[in-house]
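Below is one structure, written out as structure tokens, with a few remarks after it.
Every chain is numbered from 1, with letters handed out A, B, ... down the list of sequences.
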2 protein chains.
Amino acid sequence: MKAQKNIPLRIRRTKPVPASGAGTAVIQQITRAAHSQERAQDYVETIADLIVEHGEARAIDLAKAFGVTHVTVIRTVQRLQRDGLVNTRPYRSIFLTEAGSRLAVQAKARHRVVLEFLMALGVPEGVAKVDAEGIEHHVSPETLEAFQRVLSGA
Amino acid sequence: MKAQKNIPLRIRRTKPVPASGAGTAVIQQITRAAHSQERAQDYVETIADLIVEHGEARAIDLAKAFGVTHVTVIRTVQRLQRDGLVNTRPYRSIFLTEAGSRLAVQAKARHRVVLEFLMALGVPEGVAKVDAEGIEHHVSPETLEAFQRVLSGA
DNA sequence: TTTCATTTGTAGCCTTGACTACATAAGGTG
DNA sequence: CACCTTATGTAGTCAAGGCTACAAATGAAA
Ligand SMILES: [Mn+2]
Ligand SMILES: [Mn+2]
Ligand SMILES: [Mn+2]
Ligand SMILES: [Mn+2]
């Protein structure tokens with residue numbers, strides 16, 4: 001309250017915002033786009049894991065893996081199906097499409113590199129797992145390559 | 001289609017899912033929690049920058065910085081105010097609260113370390129800026145320290 | 001002082017991704 | 001086969017975070 005006592009009204013600037021601001025919007029937009037694909041990547045990756053481990057991926061297993069209700073899983077899977085990443089029919093288990101498989105392979109490989117990179121830096125495994133789960137989706141090919149360089153000791 | 005011709009029905013497992021799945025839910029939940037704070041961090045950081053650069057932070061500047069409409073900014077700022085991070089009154093500019101200032105300082109410092117770390121690894125600046133914008137929110141104190149170790153050449 | 005471009009605000013809509021409560025299908029067990 | 005637990009599906013709600021369209025306030029310039 002008291003901090004706003006004598007605050008002047010906004011000052012109109014005719015001139016455009018200085019150069020510093022140029023391009024920041026694009027960065028933010030790219031980041032938002034990356035965000036919108038996180039769930040898809042995590043889901044196809046987990047579905048692939050479940051198929052390897054149990055021979056099939058069921059909604060309830062995904063719910064347990066993500067810590068959400070089965071309803072959330074079912075609705076998310078419907079979106080993935082709409083987007084051509086999985087196939088599923090009522091009361092059947094969930095299968096990856098070709099596109100879904102490719103995405104899963106890529107996501108899994110990248111995730112592994114990020115995790116191993118963090119652990120190579122000395123980050124404790126538990127913490128590294130948490131950080132990698134979020135970081136993975138924002139690692140560009142260039143950054144991934146840099147991480148791999150470090151891992152291969154080059 | 002043809003891939004699902006002879007697909008067996010789901011197999012019921014009485015036994016709980018193997019150990020591999022234990023704990024993954026918690027990791028995902030922590031990551032979701034981190035996500036829910038990204039906007040707040042980016043906003044207070046940008047608001048602090050605008051105040052330094054222009055003496056004030058206006059909704060329209062935030063809209064330009066983030067590449068969204070002013071309506072989105074106004075509604076987001078309302079949430080930030082509800083959460084005690086900013087103060088603003090109708091037609092006035094936006095101010096950080098004490099809590100907002102502290103968060104801005106922390107977020108900015110972490111963001112800077114992440115960006116410099118990526119560039120130290122040889123990632124081109126433009127790419128590093130994009131990656132850092134997303135990665136910063138998923139960097140734990142332990143990982144941040146590891147990044148700083150690398151930067152200080154230790 | 002009046003005007004008018006700029007800025008801010010409001011109303012209403014949408015998608016994503018979360019939830020609870022309840023309904024129905026599947027399929028193992030007795 | 002019938003039963004009953006488990007899994008899946010449906011209905012309805014909510015908040016965050018986007019948007020467009022329109023309305024009102026601000027303040028610089030005429
Ligand atoms: Mn992953
Ligand atoms: Mn992830
Ligand atoms: Mn930031
Ligand atoms: Mn950011």
Checklist outcome for this item: To the nearest angstrom, the CZ-P distance between B/R39 and C/dT16 comes to 15 Å
Item to check | Centroid-centroid under 6.0 Å between B/H137 and A/H138 rings | outcome: no
Checklist entry - Quick one: A/Q81 CD to D/dT8 C1', roughly how many Å, whole number? => result 14 Å
Item to check | Whole-Å distance separating the OH atom of A/Y91 from the P atom of C/dG27 | outcome: 11 Å
Next on the checklist: Can you tell me which nucleotide in C/dA18, C/dA11, D/dG18 comes closest to the side chain of A/R32?
Outcome noted: D/dG18
Checklist entry - Under 4.0 Å between a side-chain N or O of B/T72 and OP1 or OP2 of D/dG17? => result no
Item to check | Residue A/I60, side-chain heavy atoms: nucleotide from D/dA7, C/dT8, C/dC19 that is nearest | outcome: D/dA7
Next on the checklist: salt bridge (Lys or Arg N to Asp or Glu O under 4.0 Å) for B/E116 and B/R112? Distances and angles first, verdict last.
Outcome noted: CA-CA 6 Å; B/E116 289 180 2; B/R112 209 199 66 242; 3.4 Å; yes
Next on the checklist: Please report the distance, rounded to the nearest Å, between CD in A/Q29 and C1' in D/dC19.
Outcome noted: 13 Å
Item to check | Closest-nucleotide ordering on DNA chain D, the 5'-leading residue of B/T69 and B/R82 | outcome: B/R82
Checklist entry - Ignoring hydrogens and angles, are the base of D/dG18 and the side chain of B/R75 linked by a donor-acceptor pair under 3.5 Å? => result yes
Next on the checklist: Nearest whole Å is fine: how far is C/dT15 P from A/R79 CZ?
Outcome noted: 11 Å
Checklist entry - Atom NE2 of B/H70 and atom P of D/dA25: how far apart are they, to the nearest Å? => result 15 Å
Next on the checklist: Expressed as a whole number of angstroms, how long is the span from A/I94:CD1 to D/dT8:P?
Outcome noted: 7 Å
Item to check | Whole angstrom value for the distance that separates P of D/dA7 from CD1 of A/I74 | outcome: 12 Å
Item to check | Toward the 5' end of DNA chain C, by each residue's nearest nucleotide, A/T76 or A/P90 | outcome: A/T76
Next on the checklist: I'd like to know if the side chain of B/R92 and the backbone of B/R58 have a donor-acceptor N/O pair within less than 3.5 Å.
Outcome noted: no
